[in-house]
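Single-structure report; data block below.
We're numbering straight along the sequence, starting at 1. The analysis underlying the following values was restricted to heavy atoms, covering all of them including side chains, and did not include hydrogens, waters or symmetry mates.
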Amino acid sequence: MGDAATELAFKQKLDALAQTSNNKEEVEKFLQDYPSIVKFYSSFLRNRKRVIDWSKIRPPPQEMVVPYNDLTECPLDAQKKLGEKLVVIKLNGGLGTTMGCTGPKSVIEVRNDLTFLDLTVQQIKHLNTALGANVPLVLMNSFNTHKDTQKIIQKYLSANVRVETFNQSRFPRILKDSFMPVPEKLTGNDADWYPPGHGDVFHALLSSGFLHKLLAEGREYAFISNVDNLGATVDFNILHFMQQHGVEYIMEVTDKTRSDVKGGTLIEYEGKAKLLEIAQVPSAHVEEFKSIKKFKIFNTNNLWINLRAMERVLKENLLDDIDIIINPKVSDGKSILQLEIAAGAAIQYFNNAKGVNVPRSRFLPVKSTSDLFVIQSNMYSLDNGALVVNPHRVFPTVPLVKLGDNYKKVSDYMSRLKGIPDVLELDQLTVSGDVTFGAGVQLKGTVIIVANHGSRIDIPDGSVLENKVVSGNLRILDH
């Protein structure tokens with residue numbers, strides 16, 4: 001079957017899906033998503049064999065990436081004016097399942113019994129109070145997180161923060177062999193559907209009516225970031241630079257470390273800024289892509305976008321050829337594909353797009369309990385919802401922490417720690433096997449703790465481990 005016939009058959013399957021539900025609300029949402037589904041499917045068919053030309057890849061020229069320290073300080077009066085033109089959008093589509101939690105990831109407690117959402121609301125509340133502004137917080141939910149989030153945000157009604165939500169699209173998974181949709185009914189089996197990545201934010205803002213609503217109330221700029229990045233706070237120096245220089249799109253990048261080698265990077269490709277993801281890299285060049293020498297920065301997914309420019313890019317259908325990541329999976333014994341898009345991939349369609357190389361403190365994601373360990377440690381304190389680096393930390397870098405599978409779930413992680421160790425002088429921690437920590441433990445330098453299969457290691461209360469390898473068996477028993 002040729003591509004035109006395949007696309008026609010796919011559309012016919014979608015039309016048939018719309019007839020399988022009597023739920024008016026479900027059908028309306030599906031019909032709202034329909035144009036996006038078809039656009040990206042069509043782009044997938046057109047471009048699925050397109051391969052990036054490695055010889056055309058260039059590191060971004062000096063003028064494309066601005067060092068954060070070169071930005072001028074934004075005066076207070078300019079902050080107040082910009083605050084009236086700003087909307088903060090948090091990408092809230094993910095579940096906490098990888099950390100053993102149910103419901104939206106944004107409701108995992110990360111610090112002082114406060115969740116990601118609690119901390120974000122505190123940040124915006126402080127911003128609004130300090131500036132006398134009314135910066136709204138808008139959450140982009142997925143069908144996985146929508147219902148729970150709607151209940152949770154009720155507690156912020158008295159917080160002096162306007163919290164609103166919209167839903168990203170719900171795409172059908174497609175069969176790898178036929179490229180046809182997996183679901184046979186519109187409702188029933190959520191596993192047949194998926195949210196198509198945070199790059200859907202542009203079409204979802206448009207189709208939900210939110211983009212026009214924000215423009216109508218005078219909002220000109222959006223700060224978009226992942227809800228689990230606790231370093232992604234509003235920074236008026238970046239926004240002021242954007243306004244002063246007529247920049248339509250800013251991607252915050254930061255210097256790569258050994259733990260970031262798989263992160264997408266900003267490159268110049270055919271004269272334009274472009275996001276290069278590891279999934280797009282030919283296998284022969286993967287190690288080169290991971291090199292810190294050639295690709296020195298990576299995308300934090302903290303994005304600043306001019307809303308008028310976003311409207312123009314959408315009206316002109318420029319995103320129709322946005323890079324699509326083909327994510328193969330196995331579900332219910334079937335080989336399936338998910339077509340996903342990254343918000344950073346849109347950078348090439350905006351005029352005068354720039355990167356700003358920001359300090360590492362603006363990239364503090366919590367993807368695992370290893371990240372949670374660092375965030376909850378004395379490496380940081382809280383100030384109006386924002387994490388502040390402990391001034392007594394001797395090194396500029398964040399400790400590299402790798403906790404083993406016994407710590408993968410938040411509940412297991414909490415049960416194995418009497419308290420978070422002191423990490424102010426820690427460089428690297430690796431924990432493997434059945435290991436527990438007592439209270440008041442200090443870790444310094446490089447610490448490796450390995451309990452082999454069948455063994456257990458209990459690190460006693462008050463232990464100080466500096467440049468140590470601990471292995472074997474160590475039990476502390478009550479008597």
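A distance of 10.5 Å separates OG1 of Thr397 from CD of Gln428, quoted to the nearest 0.5 Å. How far CG of Leu205 is from CG of Leu307: 8.0 Å, rounded to the nearest 0.5 Å. A distance of 4.5 Å separates CD of Gln280 from CD1 of Ile325, quoted to the nearest 0.5 Å. Rounded to the nearest 0.5 angstrom, Leu337 CG and Glu340 CD are separated by 10.5 Å. Going from atom CG of Leu86 over to atom OH of Tyr221 covers 10.0 Å, rounded to the nearest 0.5 Å. A distance of 8.0 Å separates CD1 of Ile57 from CD of Glu288, quoted to the nearest 0.5 Å.
Side-chain N/O atoms of Asn23 and Ser21 include no donor and acceptor closer than 3.5 Å. One side chain, Ser43 or Asn47, offers a donor N or O that lies under 3.5 Å from an acceptor on the other. A donor-acceptor pair shorter than 3.5 Å can be found between the side chains of Tyr413 and Gln376. A donor-acceptor pair shorter than 3.5 Å cannot be found between the side chains of Asn352 and Tyr249. Looking at Asn226 and Asn301, their side chains do bring a donor and an acceptor atom within 3.5 Å of each other.
Shortest non-hydrogen contact noted between Arg219 and Asn134 is NH2-O, 2.9 Å.
Within a 6.0 Å radius of CG in Asp405, no more than 12 heavy atoms belonging to other residues, nucleotides or ligands are found. Within a 6.0 Å sphere centred on NZ of Lys147, heavy atoms belonging to other residues, nucleotides or ligands number 12 at most. Counting heavy atoms of neighbouring residues, nucleotides and ligands inside a 6.0 Å radius, atom CG of Asp15 exceeds 12 of them. Other residues, nucleotides and ligands place more than 12 heavy atoms under 6.0 Å from the CD atom of Glu164. Within a 6.0 Å radius of NZ in Lys294, more than 12 heavy atoms belonging to other residues, nucleotides or ligands are found. The number of heavy atoms from other shown groups lying within 6.0 Å of NZ (Lys176) does not exceed 12. Atom CD of Glu25 has 12 or fewer heavy atoms from other residues, nucleotides or ligands within 6.0 Å. Taking a 6.0 Å sphere around CG of Asn22, one finds it holds 12 or fewer heavy atoms contributed by other residues, nucleotides or ligands.
Side chain of Gln122 to backbone of Gly385: a donor-acceptor contact under 3.5 angstrom is found. Checked by atom type and distance alone, the side chain of Asn229 pairs as donor or acceptor with a backbone atom of Leu364 at under 3.5 Å. When atom types are taken as modelled, the side chain of Gln154 and the backbone of Gln150 share a donor-acceptor pair closer than 3.5 angstrom. Between the side chain of Asp332 and the backbone N or O of Lys334, no donor-acceptor pair lies under 3.5 Å. In terms of modelled atom types and a separation under 3.5 Å, the side chain of Thr265 and the main chain of Leu276 share no donor-acceptor contact. Using a distance-only test at 3.5 Å, with no hydrogens or angles considered, a donor-acceptor pair links the side chain of Ser377 to the main chain of Val374. Of the possible polar contacts, one joining the Ser370 side chain to the Leu403 backbone as a donor-acceptor pair under 3.5 Å is found. Using a distance-only test at 3.5 Å, with no hydrogens or angles considered, a donor-acceptor pair links the side chain of Asn128 to the main chain of Val135. Side-chain atoms of His203 never come within 3.5 Å of backbone atoms of Ser36 as a donor-acceptor pair (strictly under, hydrogens ignored). Side-chain N or O atoms of Thr20 include one that pairs as donor or acceptor with a backbone N or O of Leu186 at under 3.5 Å.
Side-chain contact between Tyr68 and Ile238 is present, with at least one heavy-atom pair separated by less than 4.5 Å. No side-chain heavy atom of Val201 sits less than 4.5 Å from a side-chain heavy atom of Gln168. Taking 4.5 Å as the limit, every side-chain heavy atom of Lys105 sits out of range of all side-chain heavy atoms of Val227. With a 4.5 Å cut-off on side-chain heavy atoms, Gln243 and Leu82 count as touching. For the pair Arg58 and Ile267, the minimum side-chain heavy-atom distance is 4.5 Å or more. Using a 4.5 Å cut-off on side-chain heavy atoms (C-beta onward), Asn302 and Met251 make no contact. By the 4.5 Å heavy-atom criterion applied to side chains, Tyr407 and Val435 are counted as neighbours. The closest side-chain heavy-atom distance from Lys256 to Ile297 is not below 4.5 Å.
Both cation-pi conditions hold for Lys274 and Tyr269: the charged atom is under 6.0 angstrom from the six-membered ring centre and inside a 45 degree cone around its axis. Cation-pi geometry between Lys213 and Phe210 is met: the NZ or CZ atom falls under 6.0 Å from the ring centre, inside 45° of the normal.
Classification of Asp260 and Lys296 as a salt-bridged pair fails, no side-chain N sitting under 4.0 Å from a carboxylate O. With respect to Lys39 and Asp321, no salt bridge is recorded, no charged nitrogen being found less than 4.0 Å from a carboxylate O. Under the 4.0 Å criterion applied to side-chain N and carboxylate O atoms, Asp255 and Arg360 are not assigned as salt-bridge partners. The residues Arg162 and Glu217 are annotated as salt-bridged, a charged nitrogen and a carboxylate oxygen being separated by less than 4.0 angstrom. Using a 4.0 Å cut-off between charged nitrogen and carboxylate oxygen, Arg312 and Glu248 count as a salt-bridge pair. Classification of Glu270 and Lys56 as a salt-bridged pair holds, one side-chain N sitting under 4.0 Å from a carboxylate O. Salt bridge annotation for Lys29-Glu26: absent, with no cationic side-chain nitrogen under 4.0 angstrom from a carboxylate oxygen.
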Derivation and outcome, salt bridge (charged side-chain N to carboxylate O under 4.0 Å, His left out), residues Glu252 and Arg362: CA-CA 9 Å; Glu252 291 186 37; Arg362 290 192 58 75; 2.7 Å; yes
Derivation of the side-chain contact (heavy atoms from CB on, under 4.5 Å) call for Leu303 and Phe223: CA-CA 6 Å; Leu303 309 172; Phe223 174 44; over 6 Å; no
Evaluation steps, side-chain hydrogen bond (donor to acceptor under 3.5 Å, both in side chains), between Ser415 and Asp412: CA-CA 5 Å; Ser415 71; Asp412 294 335; 4.8 Å; no
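Under the 30°/60° scheme for interplanar angles, the aromatic rings of Phe350 and Phe202 are found to be tilted. Under the 30°/60° scheme for interplanar angles, the aromatic rings of Phe289 and Phe295 are found to be tilted. Taking the six-membered ring for Trp and thresholds of 30 and 60 degrees, Phe30 and Tyr34 have ring planes more than 60 degrees apart, a perpendicular arrangement.
Outside the 6.0 Å centre-distance limit, the rings of Tyr41 and Phe171 are not counted as a close aromatic pair. Ring-centre distance between Phe298 and Phe363: below the 6.0 Å cut-off.
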Donor-acceptor list for residues 91-99 side chains, cut-off 3.5 Å, not counting sequence neighbours:
from: Asn92; atom 1: OD1; to: Ser106; atom 2: OG; distance (Å): 2.7
from: Asn92; atom 1: ND2; to: Asn141; atom 2: OD1; distance (Å): 2.8
from: Asn92; atom 1: ND2; to: Thr149; atom 2: OG1; distance (Å): 3.2

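Sorted by first then second residue, the salt bridge (Lys or Arg N to Asp or Glu O under 4.0 Å) pairs that include residues 189-207, not counting sequence neighbours, are Arg170-Asp190.
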